[in-house]
Amino acid sequence: MRPPRTLRRRAQQGLPLRTITPNALTALALCSGLTGVRFAIAAASVPTGGSGLPIDTSRWELAVTMILVAGVLDGVDGRVARLLRGTSRFGAELDSLSDAISFGVAPSLILYLWSLTDSPRFGWVCALLFAVFAALRLARFNAAIDASDQPRKAAGYLTGIPAPAGAIGAMLPMYLWFISGAEWLRSPWLVAPWVAFVAILMVSSLPTYGWSSIKLRRRIRFEALVVIVAVGAALISMPWHTLAAVCVFYLALIPLSVRGYAKVRRQRASMTAPAPGGSA
């Protein structure tokens, strides 16, 4: 018995390229994150200073750059999938696995090799904490992805800081080290508590700003475009200075986001509250 005409037509047409492109970008992000670990292993085997030797940060900079590239690809793949109508359950699962490795495991290993090996027990605990908390955050996100009642998402807010932002923020001591070359910035007694602090922010219940929660007034759109171009130019000419400033600025926004969401909750509560004198 011959298969129906519609099935034969689909078999002849094959798989549309638009369904593969987003997953390919996600796979490239995963490759980029793991390549960062490879550069960190190579950097850890080369002395970076002391005994009169000049500080060589080039390999560490490559390791961090790979995590940043993974972050860019992670931000692009979802938008490409929606643009090409290539979203799928497989792509969503692959994206979560890629994020757990690129923004959880890879930054933990890079920071461990860069600093935390000087205090292997305490440092490894904090590195594990970061990797596991990144995975827990992604698991919490996947568990709630099909929930119908998500008031924070409806208001444009996130719960905790995203995994890419956590990875970029956890490496703040490395940016400062690239800038100044101060060896005290590599102290595990400084880096380990910082990594643990960022890990806690990832799994916290604090409301943080998402892209849809940021609304610009019409009269400042041109100024906002100027700021974006200036930040892009600064990232090209002074990447580590700019990333350090962006990390500090993002952390400073968290109290404002908590206050902003509290205002949204009060507005919703006033809208749903029964009118005075209404029937019970």
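- For residues 25-36, every residue pair satisfying the side chain to side chain donor-acceptor pair (under 3.5 Å) rule, not counting sequence neighbours, is listed here: Thr26-Asp77.
- Atoms CH2 and CD, on Trp240 and Glu61 in that order, are 5.5 Å from each other to the nearest 0.5 Å.
- Of the possible polar contacts, none joining the Tyr261 side chain to the Leu206 backbone as a donor-acceptor pair under 3.5 Å is found.
- Pairing each heavy atom of Ala170 with each of Phe130, the nearest pair is CB-CE1, 3.7 Å.
- Listed by chain and number, the hydrophobic cluster partners of Met238 come to none, as no ILVMFWY side chain reaches under 4.5 Å of it.
- Side-chain heavy-atom separations under 4.5 angstrom define the hydrophobic clusters, and the remaining members of the one that includes Trp189 are Phe122.
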Show me the side-chain donor-acceptor pairs of residues 103-114 shorter than 3.5 Å, one per line, residues at least two apart or across chains.
{"from": "Ser108", "atom 1": "OG", "to": "Gly104", "atom 2": "O", "distance (Å)": "2.7"}
{"from": "Ser108", "atom 1": "OG", "to": "Ala127", "atom 2": "O", "distance (Å)": "3.1"}
{"from": "Ser108", "atom 1": "OG", "to": "Ala131", "atom 2": "N", "distance (Å)": "3.4"}

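- Residues meeting the ring pair (Phe, Tyr, Trp, His ring centres under 6.0 Å) test with Phe39, sequence neighbours left out: none.
- Side chain of Arg140 to main chain of Val203: a donor-acceptor pair is present (N/O by atom type, distance under 3.5 Å, no hydrogens or angles).
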Quick one: side chains of residues 246-259, donor-acceptor pairs under 3.5 Å with protein atoms, not counting sequence neighbours, listed by atom name and distance.
{"from": "Ser257", "atom 1": "OG", "to": "Pro207", "atom 2": "O", "distance (Å)": "2.7"}
{"from": "Ser257", "atom 1": "OG", "to": "Ile254", "atom 2": "O", "distance (Å)": "2.7"}

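- For the side chain to side chain donor-acceptor pair (under 3.5 Å) condition, no pair includes a residue of residues 117-134, sequence neighbours left out.
- To the nearest 0.5 Å, atom CG of residue Asn23 and atom CG of residue Leu94 are 5.5 Å apart.
- For Ser58, the side chain to side chain donor-acceptor pair (under 3.5 Å) partners two or more places apart in sequence, or in a different chain, are Asp56.
- Listed by chain and number, the residues in a side chain to side chain contact (heavy atoms under 4.5 Å, CB included) with Ala196 are Cys126, Leu129 (sequence neighbours excluded).
- Atom-to-atom distance recorded for Thr208:OG1 and Leu158:CG is 4.5 Å, nearest 0.5 angstrom.
- Listed for the Arg137 side chain is a donor-acceptor partner under 3.5 Å among the backbone atoms of Thr159.
- When the side chain to side chain contact (heavy atoms under 4.5 Å, CB included) test is applied to Leu30, the partners found at least two apart in sequence or on another chain are Leu34, Ser98, Ile101, Ser102.
- Residues Ile200 and Phe133 share a closest heavy-atom pair of N-CD2, 4.0 Å.
- Judged as a side chain to side chain donor-acceptor pair (under 3.5 Å), and not counting sequence neighbours, the contacts of Ser96 are Asn142.
- Here Ser115 contributes atom OG and Met174 contributes atom CE; the two are 9.0 Å apart, rounded to the nearest 0.5 Å.
- Just one residue in the list Val72, Ile67, Leu68, Asp74 forms a side-chain contact (heavy atoms from CB on, under 4.5 Å) with Pro164, and that residue is Asp74.
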